[in-house]
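Below is one structure, written out as structure tokens; the observations come after it.
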Amino acid sequence: MLFRSPLGANLKNTPTTALFKAPHMEVARLVMLAGKQLPPHAVAGPLTIQCIEGEVEVALDHGSQRLKPGDLIYLAGNVRHDVKALSDASVLLTIVLMDGP
């Protein structure tokens with residue numbers, strides 16, 4: 001699959017999509033319109049969130065980080081966080097998938 005960035009004028013009409021999933025990694029393009037917020041959650045494995053366009057805020061227990069195009073944040077596994085779109089935005093989400101028990 002070819003990943004084109006940024007989406008520009010097509011952002012509002014592009015759904016969030018998994019770009020690929022391998023045994024130990026998943027990569028997705030998350031599209032969020034201004035004001036949309038993902039509720040607080042955590043994933044087992046470490047992850048990165050890279051802002052491709054727009055602006056998002058990643059809230060953590062100890063504060064928040066605003067991401068603009070090109071910014072990337074790394075979160076260790078099991079770190080509780082939420083993501084809010086401050087403007088129409090797309091981000092590249094990479095999750096390391098952990099083996100089951």
So which heavy atom on Leu33 is nearest to which on Ala85, and how close? O-CB, 3.3 Å
Nearest non-hydrogen partners of Gly54 and Pro69, listed with the distance: O-CD, 3.2 Å
With sequence neighbours left out, what residues match Val27 under side-chain contact (heavy atoms from CB on, under 4.5 Å)? Leu19, Phe20, Met25, Leu92, Thr94
Restricting to non-hydrogen atoms, name the atom on Ser64 and the atom on Ala59 that form the minimum distance, rounded to 0.1 Å. CB-CA, 3.9 Å
Sequence neighbours excluded, every pair satisfying salt bridge (charged side-chain N to carboxylate O under 4.0 Å, His left out) that has a member inside residues 31-44: none
Summary of salt bridge (charged side-chain N to carboxylate O under 4.0 Å, His left out) pairs that have at least one residue in residues 68-82, sequence neighbours excluded: none
Measuring from Met32:CE to Ser90:OG, what's the distance to the nearest 0.5 Å? 11.0 Å
Arg66: what forms a salt bridge (charged side-chain N to carboxylate O under 4.0 Å, His left out) with it, not counting sequence neighbours? Glu55
Determine whether Leu97 and Leu93 fall in the same hydrophobic cluster, where Ile, Leu, Val, Met, Phe, Trp and Tyr are linked whenever their side-chain heavy atoms lie under 4.5 Å apart. yes
Check step by step if side-chain contact (heavy atoms from CB on, under 4.5 Å) holds for Asn13 and Leu11. CA-CA 5 Å; Asn13 300 316; Leu11 188 141; over 6 Å; no
For side-chain contact (heavy atoms from CB on, under 4.5 Å), just list the numbers for Lys84 and Val56, CA-CA rounded to whole Å, side-chain angles, deciding distance to a tenth of an Å, and then say yes or no. CA-CA 6 Å; Lys84 180 178 182 179; Val56 297; over 6 Å; no
Could you give the side-chain donor-acceptor pairs of residues 42-52 under 3.5 Å, partners two or more places apart or in another chain?
none

For the pair Glu53 and Val91, evaluate side-chain contact (heavy atoms from CB on, under 4.5 Å) and give the outcome as yes or no after the intermediate values. CA-CA 7 Å; Glu53 61 193 312; Val91 300; over 6 Å; no
Indicate yes or no for a side-chain donor-acceptor contact from Thr16 to the backbone of Val31 under 3.5 Å, with no hydrogens or angles considered. yes
Go through the structure and list residues passing side-chain hydrogen bond (donor to acceptor under 3.5 Å, both in side chains) with Gln65, not counting sequence neighbours. none
Can you pull the ring-ring contact (aromatic ring centres under 6.0 Å, His included) pairs that have at least one residue in residues 54-85, sequence neighbours excluded? His41-His81
Residue pairs meeting salt bridge (charged side-chain N to carboxylate O under 4.0 Å, His left out), one or both in residues 16-28, sequence neighbours left out, come to none
Between the side chain of Glu57 and the main-chain N/O of Val83, is any donor-acceptor distance below 3.5 Å? no
Quick one: do Leu38 and Leu60 end up in the same hydrophobic cluster if we chain Ile, Leu, Val, Met, Phe, Trp and Tyr together by side-chain heavy atoms under 4.5 Å apart? yes
